[in-house]
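Here is the structure we will look at, set down as structure tokens.
Note that the structure is a prediction, hence the values are computed from the model and not measured.
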Amino acid sequence: GRSAMFEFDFAHHIPSIVAGVVVGLLAFAPLLVALVPVLRRKREANMTVGFMGVFASFLVLFLGVIVTYLLARPVLVGFAAGEIIGFFLCWLAVAIALMLKKD
């Protein structure tokens, strides 16, 4: 039989997945702050600003995982999956926007 340790009740984790998606979306905001002005040609690309955006984004993701680990460890997997989904959806939206962009 299956081990109870590896069971994942999706319905039980929906709130934590949704919370993770929200944090993943919020975590993408610092990257957008760094990226959008460059894409709109209002500012030159700057490595320092880019790295600050990446650092701030990953800090938000990391803090979300740490807070969930400390306060709600049983739903950590769902929350982390939600963060990944939210963050990936933002990258997907940026990629699609760039592909559709007309210069």
Side-chain angles (χ1 to χ4, degrees):
R2 266 181 6 180
S3 169
M5 181 168 50
F6 295 111
E7 288 184 19
F8 186 83
D9 181 9
F10 181 75
H12 174 72
H13 288 275
I14 288 175
S16 62
I17 293 170
V18 170
V21 169
V22 170
V23 172
L25 296 173
L26 293 174
F28 199 78
L31 285 176
L32 280 181
V33 169
L35 186 62
V36 169
V38 174
L39 294 176
R40 290 187 175 164
R41 293 183 171 83
K42 296 188 185 293
R43 183 176 70 212
E44 290 292 315
N46 181 316
M47 200 72 132
T48 303
V49 174
F51 275 119
M52 286 172 48
V54 169
F55 177 78
S57 287
F58 282 106
L59 183 62
V60 171
L61 293 171
F62 180 70
L63 288 175
V65 168
I66 294 300
V67 168
T68 303
Y69 177 81
L70 293 173
L71 301 179
R73 194 172 303 168
V75 297
L76 181 61
V77 172
F79 179 82
E83 275 192 336
I84 293 167
I85 291 165
F87 203 74
F88 177 76
L89 287 174
C90 289
W91 272 119
L92 185 63
V94 169
I96 290 170
L98 288 175
M99 287 188 284
L100 297 176
K101 185 179 177 185
K102 300 192 185 346
D103 281 335

Could you work out the complete set of other residues in the hydrophobic cluster of [X], with links drawn between I, L, V, M, F, W and Y side chains under 4.5 Å apart?
| X | result |
| --- | --- |
| Val22 | Leu26 |
| Met47 | Phe51 |
| Val33 | none |

Only counting residues at least two apart or in another chain, list the ones meeting side chain to side chain contact (heavy atoms under 4.5 Å, CB included) with Val36.
Leu32, Arg40
Tell me, please, which residues at least two apart from Ile84 pass side chain to side chain contact (heavy atoms under 4.5 Å, CB included).
none
Show which side-chain atoms of residues 55-77 pair as donor or acceptor with protein atoms under 3.5 Å away, not counting sequence neighbours.
residue : atom : partner : partner atom : Å
Ser57   : OG   : Ala27   : O            : 2.5
Ser57   : OG   : Gly53   : O            : 3.1
Thr68   : OG1  : Gly64   : O            : 2.8
Arg73   : NE   : Tyr69   : O            : 3.4

Co-membership, hydrophobic cluster, residues Met99 and Leu92, 4.5 Å side-chain
yes
From Glu83 atom CD to Leu25 atom CG, the distance as rounded to the nearest 0.5 Å
10.5 Å
Ring pair (Phe, Tyr, Trp, His ring centres under 6.0 Å): pairs with one or both residues in residues 14-45, sequence neighbours excluded:
Phe28-Phe87, Phe28-Trp91
